[in-house]
Each structure stands twice: as structure tokens, then as C-alpha cells.
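Working notes for the structure below.
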Protein chains: 2
Amino acid sequence: MEEFLTQMRIQVNKRVFLKDPDTSEKGRKIISNSILLIDEIGFENFTFKKLGMKIGSPESTIYRYFENKHKILLYLTIWYWSWLEYRLVFSTININSPEEKLNTAIKLLVEPIKEDSDFSHINEVVLNRIVISESAKSYFTKDVGEDNKDGVFKVYKRLVQRVSDMVLAINPDFEYPNMLISTVVEGAHQQRHFAKYLPSLTNVRKGKKDITNFFIQMVFNTIQKK
Amino acid sequence: MEEFLTQMRIQVNKRVFLKDPDTSEKGRKIISNSILLIDEIGFENFTFKKLGMKIGSPESTIYRYFENKHKILLYLTIWYWSWLEYRLVFSTININSPEEKLNTAIKLLVEPIKEDSDFSHINEVVLNRIVISESAKSYFTKDVGEDNKDGVFKVYKRLVQRVSDMVLAINPDFEYPNMLISTVVEGAHQQRHFAKYLPSLTNVRKGKKDITNFFIQMVFNTIQKK
DNA sequence: CATTTTGCGATAGTGATGCTATTATATTTG
DNA sequence: CAAATATAATAGCATCACTATCGCAAAATG
């Protein structure tokens, strides 16, 4: 990872926290440990009490940073999408071929993170696992509407829009670019989850990049001109 | 709806209940009202106490039927998939053209239910809404593995397999039929949810069957031979 | 027809969860 | 050094997720 990236900071929408966890040691500990704890026990079983025990603080300290655990999940997913958007822009910027550009983007969206960038206190490999298995819970709630008003899905939408624009660059007549890309992003998460627990819903073979290949084939076949 | 269908009963995997809710009036009330209550307040806020109040019974009565609320969600989704599988088999049985067959199947999988069949105490329109917004929670848990061992996803897998076979009937060389169909099923739910709350992730226009059209186009384009 | 069985209601209780509040003690900053 | 701020420690409360017990009435059984 480039040196200067280790200095970069990701700004997360202020409406998800009471006090920015990135401004204090405790706050960063809350974030890094909530990632580990959610990965370990799942979001349903994750509580402020358990997190407090992990970081050696009472629950009340965590309540000063976040209203509730749902906001922590939002914080983590926003951070993740911001980080991904950054990498997306960076890794596609100098590609001239529209097909090559889209191809690179899809890979970035669907392939799992395999190594920590050490670019912050956040472990991206574990965070990626959380996004795969928990992020759908951030929008399948009765509060989506309000969360959306607070702008928490802004980065995600922009990311989808960026890749949708790449689709349109190849075929300006394609009617459903956003639908296609959001299906790819969420579908890839689901397929990774299924591959692990319900493999008969997939066609994933060990050691092969079936999920990546499938989604790339799906995208390019779907958007082709008739 | 055909007369004889009103007599049909859907058998749900015994491992999800302690006592079959379909064998008593109270049990059926528990099911029909849990559908209404989950739709109303969301699965997160759904509790046995609230359900008890709705049916005029203490919580303890509900605990005689179900171990916990997660099992009720499993019961509802299994019922839904069984019902859908039945309708799928029925509505595709006499179609000779493989393309027409697959086309009919996809429509059945992605289109929302618009009228109650009156075929039981279960309101399928509302149940369909629940499946759209809550069913992912039945497998995005730390217990998927065990639930899977109990066979609770069997019907769902069989349904996906049936449609995958239709794909293979059109193109036997297509490598990812199960992945494609499970992506369609789950993707359709997500797109309906997004259309309602995060429309910029979709390209849904009022009064148009964009979701159906998109998925049909996606499937047929993806599986075509080169 | 007597008698088990069952289904349900009523009530109580336990420990965990999801918070809020208070006060005391550090730590930082001006 | 004083003032402001952050955290720890503790308590408390309503709800939740469940378990246990008891008694009654209806239904099944012999």
C-alpha cells in the first residue's frame, strides 16, 4: 500500500455518531474492537456491554460515542463504502477502454479483501466479512427511510452511480444500470455467504473464482446491445 | 383460485416448531397474526408479548408452539417457499417451450403477490411483503449452519434447483445456473425494497414492470450460448 | 361414563438487554 | 494552576427472552 494512503482519513457522516470515534484513542478502540466482536459473535449477539468488556470500559463510555449498536453498523458500512469508492476511483482512473474499466470495477466490488492495508486502526479483511454477512441489516429495517434522510446511504449510492456510469459508457441505451450494479454488489455478498453455508444455492468450486466470473459474465452479457 | 386448492395444506418442517400451529385454532391465530404484526412493526420489534396481546393470550402459550421468534420467521418463509414451489410446478407443467417455461418461472419468482388466494388463514400478500423485507434475516445469522442441518432450507434449495434445471434445458453448458437463480430471487426482493426506500439504487419507474423486465433480460442474456 | 390427556390461561420469576442518570476521578487545555 | 472535558464506576429501570408452576376446562380414550 502506498505510503501516503496511511495518512488518509475517511470522514464518516456525522449523523451516525454522537462523538467522532476517530478523534480519540478510546473511540478508535471502540471501532476496531466492534469489528472484531461483530465478526466473532454476529451482530445480533453484539452488545455494548460485551464491547465494553473487550475494551475495558463500561457501557456508558460507548454510549457517549454512539446512540445504539445500529449506528455502529452504519458507521462501519459507511467507512467501508468510502474506502471502496476511494480504491475504485484510484484503480480505474487511468484505464481508457470502457470495457476494461468496468471489468476492473466489478472485480473490486465482488472480490473479497484478502489483506489488511494497515492503513488505519481498521482491519479491512474482517470488516469485509462483516459487510458480507451483516450489511444488509443496515437497510432492512423500519428506519431505512429516516436513515436515508440523514444521508447515511449517500456514499453507497454514489459508488453504485459511478459504476452505473461505466455501464452507460459502454451502452448508453441500457435501461437498468443502477439495478444491475446494486444487484451485483448485494448479490456478490449473498453468493459468498451462500458458498459458505448453503453451497447448493451456488455453483462455487474450490480454488476457482466462480463468483467473480459469474458476475462479470452476467454484467457484460446483460448490457450488450442487441 | 381452484376449489381444491383451498383444501390443500402445506406441511412445514417439524424442526421449526414445538407443536404444529396448523393443528389448532390458537396455532393458526399465532401464524396469521404474526404475519400481520411483523409486517406492521418489523421483525426486530416483534416480540412474543406483543403477539400474545394481539391474540389475547399470554406469551407462555406461544412458547408452547415456538421456541423463539426466529423459528416463527423460519416457519413463515418455509411456508412461503412451499406455496411458491407448488404454484411454480403447477403453472409451468404444460409449457413445452423451454424459453416460455423459464420466462413463466422467473415472473413467478420476482413479481409481487397482489391478491390473497383465500386458500388458508395465511394472507399471502402480506406474507410476500415480509419475505421481501425480512427473509434475508433467516439465513444471515450465526445459526445458518445448524438451521441448514435441520433441513429448513430444503424447500428453498429445491425451488432454486427446479428453475436452474429450466436454465440448463435451454443451455446445458451454462456453468452457473444455481448462482443465477438465487441471485434473481434474492435480487428481486432487494430491488423491491430499494425501489421503496432507496430508489436511486434502482431504475424503477411508476407503473412499469421494470424489475420483472430487468431480471428476465438479465437471465436470458446471461445464459445465452456464445 | 369415568378418566386421563391436552390445551390454555394466569401468574411469577430470572437474567440479559438497552438504555439513562449521577457522581467521582483523571486528563487535557488555556 | 484553574477550568473544562473525558472517562470510570455504579445504580437503576423498563423491556425482553425465556422457564416454571398451577389450575381448569374441554377433548380424547378406554
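Heavy atoms only: backbone and side chains are in, while hydrogens, waters and symmetry mates are out. Chain A is the first sequence line, chain B the second, and so forth, proteins listed ahead of strands; every chain is numbered from 1.
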When you check the side-chain N and O atoms of [X] and [Y], is any donor under 3.5 Å from an acceptor?
{"X": "B:D165", "Y": "B:Q161", "value": "yes"}
{"X": "B:E186", "Y": "B:Y139", "value": "yes"}
{"X": "B:S135", "Y": "B:Y80", "value": "no"}

Could you tell me how far apart [X] ([atom1]) and [N] ([atom2]) are, to the nearest whole angstrom?
{"X": "A:K26", "N": "C:dT28", "atom1": "NZ", "atom2": "P", "answer": "13 Å"}
{"X": "A:L51", "N": "C:dC19", "atom1": "CG", "atom2": "P", "answer": "14 Å"}
{"X": "B:L18", "N": "C:dG7", "atom1": "CG", "atom2": "C1'", "answer": "14 Å"}
{"X": "B:D20", "N": "C:dG7", "atom1": "CG", "atom2": "P", "answer": "11 Å"}
{"X": "B:I55", "N": "C:dC8", "atom1": "CD1", "atom2": "P", "answer": "9 Å"}

Tell me whether the OP1 or OP2 atom of [N] has a side-chain N or O from [X] closer than 4.0 Å.
{"X": "A:Y65", "N": "D:dT7", "value": "yes"}
{"X": "A:K19", "N": "D:dT5", "value": "no"}
{"X": "B:T61", "N": "C:dG9", "value": "yes"}

Could A:K69 and A:F43 be counted as a cation-pi pair, given that NZ or CZ must be under 6.0 Å from the ring centre and within 45° of the axis?
->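 Relative to the ring axis of A:F43, which defines the angle, A:K69 lies inside both limits.
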Does the pair A:S34 and A:Y75 meet the rule for a side-chain hydrogen bond (donor to acceptor under 3.5 Å, both in side chains), with working shown?
-> CA-CA 11 Å; A:S34 61; A:Y75 184 95; over 6 Å; no
Drop me the distance from A:S182's OG to B:N203's CG, to the nearest 0.5 angstrom.
-> 8.0 Å
Under 4.0 Å protein heavy-atom contact, by nucleotide of nucleotides 9-23 of chain D - B base, S sugar-phosphate only | BB-----SSBBB---
